[in-house]
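To keep things clear, I will list the structure first and then write my remarks on it.
The chains referred to below are lettered A, B, ... by the order of the sequence lines, with proteins before strands, and numbering in each begins at 1.
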There are 4 protein chains.
Amino acid sequence: MSAIRRTARRADIIDAAYRCMAQHGYERSTTAQICKVAGVSSGTFFHYFPTKAAVLGAVLEDGLQRTREVFERIRDTAARDAVAALDQWREHVLDEASDENLAGFIAVLGAVPDNAEVAAALRAEAQLTREVLTELVAAGQEQGTIRTDRTPDRIGTWLGILARGVLEHAAEEGPVVRDTLGPEMTDMLIRLLRP
Amino acid sequence: MSAIRRTARRADIIDAAYRCMAQHGYERSTTAQICKVAGVSSGTFFHYFPTKAAVLGAVLEDGLQRTREVFERIRDTAARDAVAALDQWREHVLDEASDENLAGFIAVLGAVPDNAEVAAALRAEAQLTREVLTELVAAGQEQGTIRTDRTPDRIGTWLGILARGVLEHAAEEGPVVRDTLGPEMTDMLIRLLRP
Amino acid sequence: MSAIRRTARRADIIDAAYRCMAQHGYERSTTAQICKVAGVSSGTFFHYFPTKAAVLGAVLEDGLQRTREVFERIRDTAARDAVAALDQWREHVLDEASDENLAGFIAVLGAVPDNAEVAAALRAEAQLTREVLTELVAAGQEQGTIRTDRTPDRIGTWLGILARGVLEHAAEEGPVVRDTLGPEMTDMLIRLLRP
Amino acid sequence: MSAIRRTARRADIIDAAYRCMAQHGYERSTTAQICKVAGVSSGTFFHYFPTKAAVLGAVLEDGLQRTREVFERIRDTAARDAVAALDQWREHVLDEASDENLAGFIAVLGAVPDNAEVAAALRAEAQLTREVLTELVAAGQEQGTIRTDRTPDRIGTWLGILARGVLEHAAEEGPVVRDTLGPEMTDMLIRLLRP
DNA sequence: AATGAATGAGACTTCATTCAT
DNA sequence: TATGAATGAAGTCTCATTCAT
């Protein structure tokens, strides 16, 4: 009953923190500001999270959860059709790059506070990405649709580098123009990966 | 004589700020810490720079200066041989990615303070990069060594994206292994750009 | 029925507050902590007591009640045999000094909050002690077992000083070793009070 | 030059903290209040002391220093004449009990913050007291002026208990009336210690 | 030119207390 | 009667910046 409200409040705060930090970075987002955006008092804020860093941790946890879902689907697809999975992944990257908040939020991750929870979430996200991309490439190699002159791990790494570049680009230049960047990215991937 | 000392002091502070910010980000680098590393008092610090943001501005200005020099050479080469210029550029990117401090410093740029000088330096750097890369691609197209099915501007943009990806990768995973990444990058560029 | 439960709850809270404050002092015992120890919610806490200071008041009231009972017995004895009464009092002081919680609780009384109820309880306790001790000494003087070269009031004061010293000593050094301190205290009292 | 001013400032803050804490206890003395009394800004406060607990530490350190000086003299005297030394000690205890601030300050010591410096100072003071009193008693026993049916350590402990009682008494009842308490205390000591 | 003591705004966080359920 | 989410005043501490020496 009130568990619903409790969850909603928590989500409100996480969302507010996400937006604030995406806009101003972690340090320049004050708890007061986050409270205002979330529409709660400072007391409520600290009723839900013990520290400011903990909210960042929760934001990352949330993101990690969403990433997991997306990557689960990509993984499934890859087993049957690596090229289709690659396209799903490309869409995912463009989705992220188009999300104005998320693009800005990347900046935060450069200057993270010393916090175990935060560090753990970041590590988990990085490893998950690396794992899935490696798997995807390996599947493509077996299916004969991806070049085999480099290990899956190395090729996966370069896909990761590419994604990071796109995100940073979006963060800098403002939300990405999908109609332009999308086809170009497809073209790039074909050139990069074909046997 | 005293002008020399003056310049040296200034350089010390800029260098200290650069190292501190590369390690802890802008906000978490306190002026006190920068002073300590530079071996000057806070009074001296504010004698040379009106605000903390101003030192960041100077750091960026310095970087911009170095970038200008490198790009000048690349520009010259490109006019004769775009492929050679591309290789110079690739070396430059790897140099940056191998510089532990610089890799960390990238993080700073995500959460910059509201400061005209800083913003200007960042804009100048971005534009310079874009200009040179576009020029380089255009030259390659004329020399018949780079694909012509996309505009120089768009291809240049993707080179920029790639560079950003490599830098972020280095910032995250620690200084880059040149021997691995270098050849791979050459390979990527060939696949990406060949007609 | 519900009056019994009501009383029990109240007693739980008082007891929890007593233990918390004995361990950490008044200010550092938070209502949240007391609630946890008592096994009630903050709502319940403030249902029974209007303020945190009020619980301290209740704790003191309780202590005063117990002191009253002990001193009533001592008073009765004193009328017949002041030396026996003195021995009862000595036992009482050692009892208190042996009670780990009580010894610690003394500390609280040094930094009491501005609260009428609390102040009243403290004053009452002090006056009761002074009254009974004075009476005891007076009885001893009449019975010829206590020196008469000083007024009962002054001698009583010194007994009080001695008791305070023992309690503080216990609070500092941990619970008192009865077998050592007991006989020594008897010896002291004899030397101090004999005619 | 400015070292003098620096020391003076430091002393001002220590003194202000001492007076505030003596009046309201540690927790209820806010740094803002201490700053006001000392006539400095909060910035200056934290320029001299890293935390509020550290000022308490400094206050205790100061007290310990003064105690050392007094006890040094008492020690010297004891070697020649334990009775005279005892009288010096009695004067010292009465001095403390007459100092309105010091008497109140004792209260603070009941609820000390968790702080290494503070704990160390308290331990040092306690041990010093115990050492000197034991030494004094031992000297008296050798000189034949103090009873020998108990060990110096135990008798010293009781002297300590007595002193604590007097201090607490003063803290509670307001500054002590020397003319009354002084002779009484002499009398007590004679009765307690004579062979 | 150089120092570092002094400042005070503002950040994060705690906690007694209220109130809707 | 009981709960615990919500509140916001107030506390400690940080840090960029100023200024007297």
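Heavy-atom distances to DNA chain F give each of C:Tyr48 and A:Tyr48 a nearest nucleotide, and the one nearer the 5′ end belongs to C:Tyr48. Map A:Thr44 and B:Ala32 each onto its nearest nucleotide of DNA chain F; the residue landing nearer the 5' end is A:Thr44. Toward the 5′ end of DNA chain E lies the nearest nucleotide of B:Gly39, the other residue of the pair A:Ala53 and B:Gly39 mapping further downstream.
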>> Run the side-chain contact (heavy atoms from CB on, under 4.5 Å) test on C:Ile14 and C:Phe49 for me, step by step, so that the C-alpha distance in whole Å, both residues' side-chain angles and the decisive distance to 0.1 Å come before the verdict.
In response: CA-CA 10 Å; C:Ile14 290 177; C:Phe49 298 96; 3.7 Å; yes
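The interatomic distance linking D:Glu27 (CD) with F:dT12 (C1') rounds to 12 Å, in whole Å. As rounded to whole Å, 15 Å separates atom C1' of F:dG11 from atom NZ of D:Lys36. Atom CZ in D:Arg28 sits roughly 13 Å away from atom C1' in F:dG11 (whole-Å rounding). The distance from atom NZ of A:Lys52 to atom C1' of E:dT13 is 12 Å, rounded to the nearest whole Å. Going from atom NE2 of B:His47 over to atom P of F:dT17 covers 16 Å, rounded to whole Å. To the nearest angstrom, P of F:dT21 lies 12 Å from CZ of D:Arg9. D:Arg5 places its CZ atom 12 Å from the C1' atom of F:dC19, with the value rounded to the nearest Å. Between D:Phe45 atom CZ and E:dA5 atom P the separation is 17 Å, expressed in whole Å.
Counting non-hydrogen atoms of neighbouring residues, nucleotides and ligands closer than 6.0 angstrom, the CD atom of D:Glu100 reaches no more than 12 such neighbours. Under a cut-off of 6.0 angstrom, the local environment of CD in B:Glu117 is crowded, with over 12 non-hydrogen atoms contributed by other residues, nucleotides or ligands.
B:Ser29 and B:Lys52 make their closest contact through O-NZ, 2.9 Å (heavy atoms, listed as atom of the first residue, atom of the second, distance).
Applying side chain to side chain donor-acceptor pair (under 3.5 Å) to C:Gln33 and the options C:Gln23, C:Arg28, C:His24 leaves one that passes, C:His24.
Stem analysis of DNA chain F (at least three stacked-register Watson-Crick or G-U pairs, each with both distances under 3.5 Å) gives E:2-21 with F:2-21.
Residue A:Val40 has its side chain nearest to F:dT7 when only F:dC13, F:dT7, E:dG8 are considered.
One distance of note links CZ of C:Phe105 with CG of C:Leu60; it measures 4.5 Å at 0.5 Å rounding.
A close approach under 4.0 Å does not occur between any side-chain nitrogen or oxygen of B:Ser41 and OP1 or OP2 of E:dG4. Residue B:Thr31 has no polar side-chain atom (N or O) positioned under 4.0 Å from OP1 or OP2 of F:dC15.
Taking 3.5 Å as the limit, the base of F:dA5 and the side chain of C:Ser42 contain a donor-acceptor pair of atoms between them.
Using a 4.5 Å cut-off on side-chain heavy atoms (C-beta onward), B:Leu167 and B:Leu102 make contact.
Counting non-hydrogen atoms under 4.0 angstrom, A:Thr30 reaches the backbone sugars and phosphates but no base.
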